[in-house]
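Quick caveat, the model's predicted, so the values are computed rather than measured. The residues of the chain are indexed from 1 along the displayed sequence.
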Amino acid sequence: MSDFIGDWHALVVLVIAGVIPNQIWRMLGLWFGGGLDEGSELLVWVRAVATATLAGVIAQILVQPPGALASVPGLLRYGALVVGFMAFMLTRRSILAGVVCGEIVLLAGKWWLG
């Protein structure tokens, strides 16, 4: 089992340093935002900022791919972007559907290319 999990100390540090602080902010967001109207201007702005941030990260990855993604041909990266955008539009602007479909195309293309 230790071969599968690896160093369990690193997992404990990951949970303490990564998960717990993140969950505190999520719970505070639920508490403060529980009474807000989903169509309010504040939440529309927050959704727009989140979408713009995701678009910026995707553009950065396309133009200057980090690490192992640099070995993926540009045509495959841009093709995955197009498929992800089409899925986003066809599912009535579901960011999750767009990201998942783009990832599937990227992974399948990389697997096919070897």
Side-chain angles (χ1 to χ4, degrees):
M1 186 72 173
S2 66
D3 290 336
F4 179 71
I5 293 176
D7 186 16
W8 68 272
H9 295 98
L11 291 176
V12 171
V13 169
L14 180 65
V15 168
I16 291 172
V19 174
I20 293 174
N22 187 16
Q23 292 303 320
I24 290 170
W25 290 111
R26 286 177 182 238
M27 292 302 124
L28 283 173
L30 282 172
W31 185 57
F32 284 125
L36 291 176
D37 178 29
E38 287 187 31
S40 70
E41 287 192 32
L42 176 65
L43 287 182
V44 169
W45 178 79
V46 168
R47 199 172 305 121
V49 169
T51 303
T53 303
L54 179 62
V57 169
I58 290 170
Q60 179 73 26
I61 289 171
L62 281 173
V63 175
Q64 296 175 333
L69 194 57
S71 69
V72 175
L75 187 61
L76 179 56
R77 289 194 314 262
Y78 286 101
L81 173 75
V82 169
V83 170
F85 183 71
M86 287 177 14
F88 170 76
M89 295 305 286
L90 290 173
T91 58
R92 295 185 295 190
R93 298 182 177 242
S94 170
I95 293 175
L96 178 65
V99 171
V100 169
C101 287
E103 283 293 321
I104 288 171
V105 168
L106 191 66
L107 292 172
K110 181 61 178 166
W111 175 81
W112 186 67
L113 292 173

Q. Roughly how far, to the nearest 0.5 Å, is CD1 of I61 from CZ of R77?
A. 10.0 Å
Q. CD1 of I20: more than 12 outside heavy atoms within 6.0 angstrom?
A. yes
Show every donor-acceptor pair shorter than 3.5 Å between a side-chain atom in residues 81-89 and any protein atom, with sequence neighbours excluded, or say none if there are none.
none

Q: Verify the cluster assignment for V99 and L69: are they in a single hydrophobic cluster under the rule of side-chain heavy atoms below 4.5 Å apart?
A: no
Q. Is there a path of hydrophobic side-chain contacts, each under 4.5 Å between heavy atoms of I, L, V, M, F, W or Y residues, that connects V46 with V49?
A. yes
Q.
Please list all pairs meeting side chain to side chain donor-acceptor pair (under 3.5 Å) that have one or both residues in residues 41-62, counting only residues at least two apart or in different chains.
A. Q60-Q64
Using atom types as modelled, flag every donor-acceptor pair under 3.5 Å from a side chain in residues 101-113 to any protein atom, sequence neighbours excluded.
from, atom 1, to, atom 2, distance (Å)
K110, NZ, S71, OG, 3.4

Q: Taking all non-hydrogen atoms of both residues into account, name the closest pair between V44 and G39 and its distance.
A: CG2-O, 4.0 Å
